[in-house]
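See below for the structure under consideration.
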Amino acid sequence: MAAAVSRDDELVVKSPSDNRSYRLLRLANGLCALLIHDPEIYADGGPAPKPNEDVDMDDGDDEEDGDEDDDEDDEEYSDEEGEDDDDEEGEEDEDGSEPKRKKDKGSSEPVIKKAAAAVCVGMGSFADPPKAQGLAHFLEHMLFMGSSVFPDENEYDSYLSKHGGSSNAFTETEYTCYHFEVNREYLKGALDRFSQFFVSPLVKAEAMDREILAVDSEFNQVLQSDSCRLYQLQSHTCSQGHPLNRFTWGNKKSLSNAMGSGINLREEILQMYMSNYHGGMMKLVIIGGEPLDTLEAWTIELFSEVKAGPLLEISPKSDMPFWKSGKLYKLEAVRDVHSLFLSWTLPCLHKEYMKKPEDYLAHLLGHEGKGSLLYFLKAKGWASTLSAGVGTGGTQRSSYAYIFEMSIRLSDSGLKNLFEVITAVYQYINLLKQSEPQEWIFKELQDIGYMEFRFAEEQPPDDYVVDLAENMLFYSEKHIISGEYIYEGWEPELVKHVLSFFHPDNMRVDILSRSFDKQSQAIRCEPWFGSQYIEEDIPPSLIESWRNPVEIDGNFHLPRKNEYIPGDFSLRNASIPKSSNDDNPRCIVDEPFIKLWHKMDITFNVPRANAYFLISVKDGCSSLRNSVLTDLFANLLKDELNEVLYQAYVAKLETSLSVVGSNLELKLYGYNDKLAILLSHILAASQSFSPKMDRFEVIKEDLERAYRNTNMKPMSHSTYLRLQFLRQIFWDVNEKLKVLATLTFSDLAAFVPELLSQLHIEGLCHGNLSGEEAINISKIFQNTLSGQTLSVEARHGERVLCIPHGANFIRSVRVKNDLEENSVVEVYFPVEQDIGKESTRLRAITDLFSNIIEEPCFDQLRTKEQLGYTVDSSPRMTYRLLAYCFRVMSSKYSPVYLQSRIDNFIDGLSALLDGLEEETFEHHKSGLIAQKLEKDPSLSYQTGDYWSQITDKRICNFGHLGKRNPCAT
């Protein structure tokens with residue numbers, strides 16, 4: 001066994017609040033590893049394995065599996081689809097589901113944490129050969145098809161599934177990342193299987209055709225995504241010979257065509273693997289409860305077999321231009337949007353991560369306060385949202401260039417005045433060029449960054465190892481953890497240098513809109529997505545005017561200092577014994593107008609708090625018309641509060657305001673120091689709210705688009721249809737759209753006072769807030785809002801249909817987007833109302849059932865039958881109606897056929913369960929127990945658990961689990 005070349009336990013800078021130990025290890029083969037000992041993983045005194053102990057190295061089942069991607073389909077008790085693109089709006093999800101990390105509280109058992117690991121390999125889709133595009137992504141898939149030591153295709157997934165784990169992988173432009181999490185005792189066994197990806201993968205020829213279909217199904221999932229279509233258009237129109245000028249997803253056409261043209265795809269994969277998958281290209285992160293010496297021994301034992309190779313150095317490449325200048329690209333949108341994208345290529349700034357000049361400029365160009373670009377565009381009625389900055393993806397931060405993108409959501413008027421919008425952008429840029437870079441702004445960002453580093457909330461272990469493995473590629477070893485937070489070394493000349501790249505000759509302009517001239521003779525077709533686009537020349541006179549703006553509008557100025565940056569980080573729990581076992585929040589205010597729950601944090605010890613409030617309003621959704629007016633009110637209120645909310649957001653005190661069922665839900669979360677001040681601002685604005693005609697028209701237009709864009713994705717559409725069937729009150733979005741068209745400004749002005757005339761508030765204050773501070777928060781509501789108390793009878797509780805035993809209902813609806821190639825089948829089985837003492841036992845049985853069948857279901861329907869990329873089987877809790885659901889999305893098969901295959905799998909479940917060996921059953925049971933006892937990684941996760949219990953009426957006034965009335969039948 002080879003020894004480590006070097007190790008260092010002190011080099012990596014960690015947060016003062018981080019109690020984990022870190023060791024940086026380099027093996028003789030060049031592999032660099034970061035080992036993390038988390039003392040909380042075995043904090044209950046559980047038996048940590050010894051260095052040479054081989055834990056549970058069973059061989060698993062003999063069934064074949066073929067994919068690493070659990071995707072988002074392992075959500076427990078969730079109807080959240082999780083597939084929306086970040087820049088796409090309008091998907092509604094009105095459900096009473098419990099959160100993804102749902103656990104039954106009230107147990108006196110100690111909580112535990114999982115172990116995890118990740119490997120980043122310094123090669124990605126930029127390495128694809130032109131003759132086999134998507135090859136790096138295909139290679140990522142093929143590594144899961146067994147190894148010399150573990151030849152069964154589903155051995156890795158089966159092992160993880162039995163031991164409470166999951167896995168995933170993704171391919172970026174310049175690296176590929178593989179990762180997993182698993183119950184703590186099985187880390188060694190999981191690492192043994194995982195390490196073989198990088199030692200002896202089989203890359204089975206007989207599995208290649210199936211995995212090409214899996215890659216193709218994955219591509220078909222994003223075929224109607226506007227953001228993906230835009231990305232591919234930017235790639236397609238990139239300079240010939242540039243690494244971006246390719247098709248990185250890969251699909252059946254790109255990979256099969258390669259084989260059809262005589263290319264031996266397996267040989268190409270093996271060549272790519274042999275050239276790039278060596279120790280010098282790999283960064284490994286492991287987090288476990290074992291001592292660092294044990295983790296080191298395992299790393300040397302399992303990863304020393306990785307082939308040696310030269311050390312990776314991601315250094316800046318040539319400054320080859322990305323795009324032709326002076327061009328405007330108009331891309332036909334799938335959704336009803338008008339989005340303007342302005343992109344500037346900057347030099348690679350990898351080595352400037354401590355100074356972050358791009359973030360300084362993003363802060364100013366993306367600001368939303370008075371004097372900002374967005375504030376100006378909103379006043380003109382041209383835009384509703386704006387974001388700016390260098391994204392986190394590999395394309396945006398490559399060794400070739402950084403891409404700074406500004407995304408502006410335009411109104412109809414903004415689209416008509418497109419060039420005036422860009423003129424305003426360059427006026428603001430010119431303001432920045434004429435102003436000296438401001439050190440006080442850098443200092444604000446520096447303070448916020450250090451604050452975030454000092455009090456960083458713990459991530460789930462799987463996410464944490466991925467982030468650190470990626471960081472190892474780009475930051476110095478000392479700054480693997482702190483690199484993304486720190487701002488050190490104010491260099492105004494560097495800011496000026498980066499700002500000099502913001503000129504129209506270095507700008508790409510993309511417009512994404514349905515307002516597209518389909519009769520134009522200039523229409524072109526992007527070959528992989530089939531999107532239609534037009535390439536136009538921007539008039540030289542306009543480019544010249546942007547290059548040298550004649551004037552700067554007087555409304556533009558730099559932002560004011562941020563009053564929401566916290567200064568008090570003291571902890572309120574100093575006098576509370578850390579051994580206190582008060583698991584649940586307690587009701588500390590119980591009055592007719594407001595009921596408030598409180599729990600002081602004694603677990604995470606950070607100066608953060610979460611304050612959630614459910615505001616019952618008068619007749620908010622009692623009719624279709626009222627439902628639409630309530631949506632309008634909520635959106636207009638958020639619009640009016642935007643400047644205040646944005647300043648708090650920059651200072652890491654965030655807010656969300658949404659319509660949930662017939663109520664308003666207000667959430668404030670972040671540093672607690674200024675939380676009460678922000679709440680006072682919000683409630684005062686609500687109390688004095690008077691809609692403005694100009695903003696009414698813009699927000700109404702936005703809401704129309706949101707309604708029209710609802711259900712554009714088949715998976716969310718299927719959930720919508722099920723909830724529409726189940727819920728007693730459910731206003732159809734198409735009917736809401738019709739009503740919205742008839743509403744006037746005077747309708748809203750008359751409605752708002754009536755809506756707020758009677759209220760009831762139920763809230764939760766959790767975190768670094770004392771009981772006295774929480775009571776004062778309740779007084780802010782009482783002293784600010786003038787509404788009368790809403791009676792108990794007038795408070796609408798969500799009610800769902802209990803489907804009679806033996807009844808069958810089938811609903812078949814065409815997809816909303818005629819170009820959508822995917823179909824979804826959702827087979828839903830109600831189990832029981834979640835009430836009474838037996839309900840806990842029934843939930844546990846349902847979870848165990850899911851734990852047992854999830855992997856066989858995925859293996860059969862996804863891997864073997866290749867029905868589609870998304871295959872999901874999991875429990876559902878819809879307003880406390882427990883159910884079980886199977887879902888498949890496919891671009892290849894009809895819904896009728898998909899349902900027949902689900903039925904066939906269900907028909908075999910009895911035999912599957914009858915044939916389950918006792919040892920395997922116990923593995924599943926112990927894995928589920930560990931999952932239930934898993935510690936919430938952060939305060940926000942724990943608050944989400946408590947809040948779901950409160951809104952579901954699971955906690956009575958003394959903080960114990962309570963009962964709730966049956967649902968309607």
Side-chain angles (χ1 to χ4, degrees), residues 73-81 93-98 100 102 714-728 730 798-813 823-836 838-862 865 867-868 870-890 895-914 916 924 928 952 966-969:
D73 298 323
D74 61 348
E75 296 188 4
E76 181 185 15
Y77 292 148
S78 176
D79 277 322
E80 301 264 349
E81 168 205 6
D93 185 15
E94 303 181 41
D95 195 357
S97 307
E98 301 181 27
K100 181 174 179 178
K102 179 75 180 89
M715 193 67 82
S716 61
H717 196 181
S718 72
T719 298
Y720 173 94
L721 294 170
R722 173 168 51 77
L723 295 176
Q724 188 178 43
F725 175 82
L726 289 173
R727 286 181 54 182
Q728 185 181 40
F730 189 100
E798 296 297 340
R799 297 161 72 84
V800 292
L801 173 71
C802 291
I803 299 175
H805 181 70
N808 289 295
F809 299 92
I810 297 176
R811 187 155 190 208
S812 178
V813 176
S823 299
V824 172
V825 166
E826 183 168 314
V827 182
Y828 175 85
F829 296 95
V831 177
E832 192 66 72
Q833 296 177 40
D834 183 39
I835 55 172
E838 281 297 305
S839 64
T840 301
R841 182 175 184 273
L842 191 57
R843 285 201 308 275
I845 292 172
T846 306
D847 287 341
L848 184 57
F849 171 77
S850 178
N851 195 282
I852 292 169
I853 75 160
E854 182 180 25
E855 193 274 335
C857 178
F858 188 89
D859 179 52
Q860 181 61 40
L861 301 183
R862 159 79 182 272
E865 299 189 28
L867 297 183
T870 300
V871 173
D872 169 46
S873 62
S874 55
R876 290 288 181 269
M877 184 72 76
T878 308
Y879 301 109
R880 298 198 68 174
L881 177 63
L882 178 63
Y884 201 85
C885 187
F886 295 87
R887 294 190 303 178
V888 176
M889 182 163 76
S890 174
V896 172
Y897 180 77
L898 294 177
Q899 182 174 351
S900 72
R901 301 317 300 157
I902 293 173
D903 289 343
N904 181 68
F905 175 77
I906 292 171
D907 290 342
L909 281 178
S910 292
L912 186 152
L913 295 173
D914 288 342
L916 201 65
H924 282 293
L928 181 60
D952 274 353
C967 64
T969 56

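Since this is a predicted model, take the numbers as computed values, not measurements.
Between the OG atom of S890 and the CG atom of L867 there is a distance of 6.5 Å, given to the nearest 0.5 Å. The distance from the CZ atom of R811 to the CG atom of L721 is 5.0 Å, given to the nearest 0.5 Å. In this structure, the separation between CG on D903 and CG on L898 is 11.0 Å, given to the nearest 0.5 Å. Taking CG of L801 as the start and CD of Q728 as the end, the distance is 9.5 Å to the nearest 0.5 Å. Taking CD1 of I845 as the start and CG of L928 as the end, the distance is 11.5 Å to the nearest 0.5 Å. A distance of 13.0 Å separates CZ in R727 from CZ in R799, rounded to the nearest 0.5 Å.
Between G868 and R862 the shortest heavy-atom distance is O-CD, 3.0 Å. Closest heavy-atom contact between V827 and Q899: CG2-CG, 4.4 Å. Annotation for V825 and P895: closest pair CG2-O, 3.2 Å, computed over non-hydrogen atoms. For the residue pair L726 and Y828, the shortest heavy atom distance occurs at CD1-OH, 3.4 Å. Minimum heavy-atom separation, Y884 to P875: CE1-N, 3.6 Å. In plain terms, the two heavy atoms of E826 and C885 that are nearest each other are CG-SG, 3.3 Å.
Considering only heavy atoms from C-beta on, L861 comes within 4.5 Å of I902 through its side chain. Contact check for M889 versus S823: no side-chain heavy atoms found under the 4.5 Å cut-off. Residues E854 and S874 are not in side-chain contact: their nearest non-hydrogen atoms beyond the backbone lie 4.5 Å or more apart. Proximity of F886 to I853: side-chain heavy atoms (C-beta onward) are separated by under 4.5 Å at one or more points. Side-chain contact check for D952 versus Y879: every heavy-atom pair is 4.5 Å or farther apart.
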task = Determine, stepwise, if the pair R876 / R722 fulfils side-chain contact (heavy atoms from CB on, under 4.5 Å).
result = CA-CA 12 Å; R876 290 288 181 269; R722 173 168 51 77; 3.9 Å; yes
task = Please lay out, stage by stage, how L909 and F849 fare under the test side-chain contact (heavy atoms from CB on, under 4.5 Å).
result = CA-CA 10 Å; L909 281 178; F849 171 77; 3.8 Å; yes
Verdict with supporting geometry, R887 and V871, side-chain contact (heavy atoms from CB on, under 4.5 Å) = CA-CA 6 Å; R887 294 190 303 178; V871 173; over 6 Å; no
task = Starting from the C-alpha separation in whole Å, work towards a yes-or-no answer on side-chain contact (heavy atoms from CB on, under 4.5 Å) for R843 and M877.
result = CA-CA 10 Å; R843 285 201 308 275; M877 184 72 76; 3.5 Å; yes
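A distance-only check finds a donor-acceptor pair linking the side chain of S900 to the backbone of Y897 [under 3.5 Å]. One N or O on the side chain of T846 and one on the backbone of L842 form a donor-acceptor pair closer than 3.5 Å. Although no hydrogens or angles enter the test, the distance criterion places no donor-acceptor pair under 3.5 Å between the side chain of T870 and the main chain of V888.
Ring-centre distance between Y720 and F730: below the 6.0 Å cut-off.
Qualifying side chain to side chain donor-acceptor pair (under 3.5 Å) partners for E865, counting only residues two or more places apart in sequence or in other chains: Q860, R901.
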